[in-house]
Amino acid sequence: MSKHAPPLLGLARVIDAVNARFGQACAWLTLFLVIGTAIVVVLRYGFGIGATALQEAVLYAHALVFMGAAAWVLQRNGHVRVDIFYQRFTPRYQALVEVLGTLLFLLPVCLFLGWASWDYVANSWATLEGSSESGGLKFVYLQKSIILVLVVCLILQGVSEIIKAAYTMAGRLPEQEVKHG
């Protein structure tokens with residue numbers, strides 16, 4: 001392989017880098033989840049004070065942790081698999097399975113999810129939907145938009161995985177055994 005990556009492989013690396021940074025940022029929100037939840041519990045049961053805005057912020061963060069980091073987890077092969085046969089395949093055959101799985105399952109599901117949630121998110125943006133709770137956050141439309149963030153990030157990561165798998169199948173990318181953990 002030459003010193004400079006081919007354009008498509010370069011694109012895959014950019015997608016990987018963006019999804020990794022975004023996923024890592026979302027992962028750090030787990031610290032806020034723990035601290036925010038603890039504060040809500042202490043305020044509610046220790047002092048009888050409701051903290052609706054903080055409670056809703058924890059919910060927003062929770063959505064970002066799981067939906068925002070999903071593409072990063074995919075990139076790191078962290079999703080649950082039933083790989084009874086896959087683990088015994090050669091790296092090139094594993095790459096073929098990755099391409100087929102992405103084309104037949106990941107991308108269609110993402111496109112359906114994007115299509116099915118578009119009006120839901122758009123209507124929320126049209127009214128700049130806010131919390132129905134007194135003292136709640138006025139950004140429900142942003143929370144609902146996380147669904148589309150999930151879709152876009154997963155589609156981009158799927159494209160990246162297809163590119164890398166195609167280079168692996170063509171013998172132009174060093175074969176690496178996929179490890180799950």
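Applying the side-chain contact (heavy atoms from CB on, under 4.5 Å) rule to Thr90 yields the partners Arg92, Tyr93; only residues at least two apart in sequence or on another chain are considered. Residues passing the side-chain contact (heavy atoms from CB on, under 4.5 Å) test with Ala166: none are found, sequence neighbours excluded.
Here CG of Leu96 is found 11.5 Å from OG1 of Thr168. Values are rounded to the nearest 0.5 Å. How far CZ of Phe66 is from CG of Leu64: 11.5 Å, rounded to the nearest 0.5 Å.
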Considering only distance and modelled atom types, tabulate donor-acceptor pairs under 3.5 Å from the side chains of residues 35-43, sequence neighbours left out.
from: Thr37; atom 1: OG1; to: Leu33; atom 2: O; distance (Å): 2.6

Which atom pairs, one a donor and one an acceptor, fall under 3.5 Å between side chains of residues 149-165 and the rest of the protein, sequence neighbours left out?
from: Gln157; atom 1: OE1; to: Asn19; atom 2: ND2; distance (Å): 2.9
from: Gln157; atom 1: OE1; to: Gln75; atom 2: NE2; distance (Å): 3.2
from: Gln157; atom 1: NE2; to: Asp16; atom 2: OD1; distance (Å): 2.8
from: Gln157; atom 1: NE2; to: Glu161; atom 2: OE2; distance (Å): 2.6
from: Ser160; atom 1: OG; to: Ala12; atom 2: O; distance (Å): 3.2
from: Ser160; atom 1: OG; to: Asp16; atom 2: OD1; distance (Å): 2.7
from: Glu161; atom 1: OE2; to: Lys164; atom 2: NZ; distance (Å): 3.0
from: Lys164; atom 1: NZ; to: Asp16; atom 2: OD1; distance (Å): 3.3
from: Lys164; atom 1: NZ; to: Asp16; atom 2: OD2; distance (Å): 2.8

Let me check something: any side-chain donor-acceptor pairs from residues 110-121 under 3.5 Å, sequence neighbours excluded? List them with distances.
from: Ser117; atom 1: OG; to: Leu113; atom 2: O; distance (Å): 2.7

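No chain of hydrophobic side-chain contacts below 4.5 Å, direct or via other Ile, Leu, Val, Met, Phe, Trp or Tyr residues, connects Val34 to Leu59. Note on Val58: it clusters hydrophobically with Leu31, by side-chain heavy-atom contacts below 4.5 Å among ILVMFWY residues. Hydrophobic cluster membership is shared by Leu148 and Leu107, with clusters built from Ile, Leu, Val, Met, Phe, Trp and Tyr side chains linked at under 4.5 angstrom. Note on Leu137: it clusters hydrophobically with Leu29, by side-chain heavy-atom contacts below 4.5 Å among ILVMFWY residues.
Side-chain contact between Pro6 and Tyr167 is present, with heavy atoms from C-beta onward closer than 4.5 Å. The closest side-chain heavy-atom distance from Leu74 to Leu106 is below 4.5 Å.
Residues in residues 137-147 take part in these side chain to side chain donor-acceptor pair (under 3.5 Å) pairs, two or more places apart or across chains: Trp125-Ser145, Glu129-Lys144. Residues in residues 9-34 take part in no ring-ring contact (aromatic ring centres under 6.0 Å, His included) pair, two or more places apart or across chains. Applying the side chain to side chain donor-acceptor pair (under 3.5 Å) test to every pair with at least one member in residues 38-64, sequence neighbours left out, gives these pairs: Glu56-Ser131.
Through side-chain heavy atoms spaced under 4.5 Å, either directly or across other Ile, Leu, Val, Met, Phe, Trp or Tyr residues, Val14 is tied to Val18.
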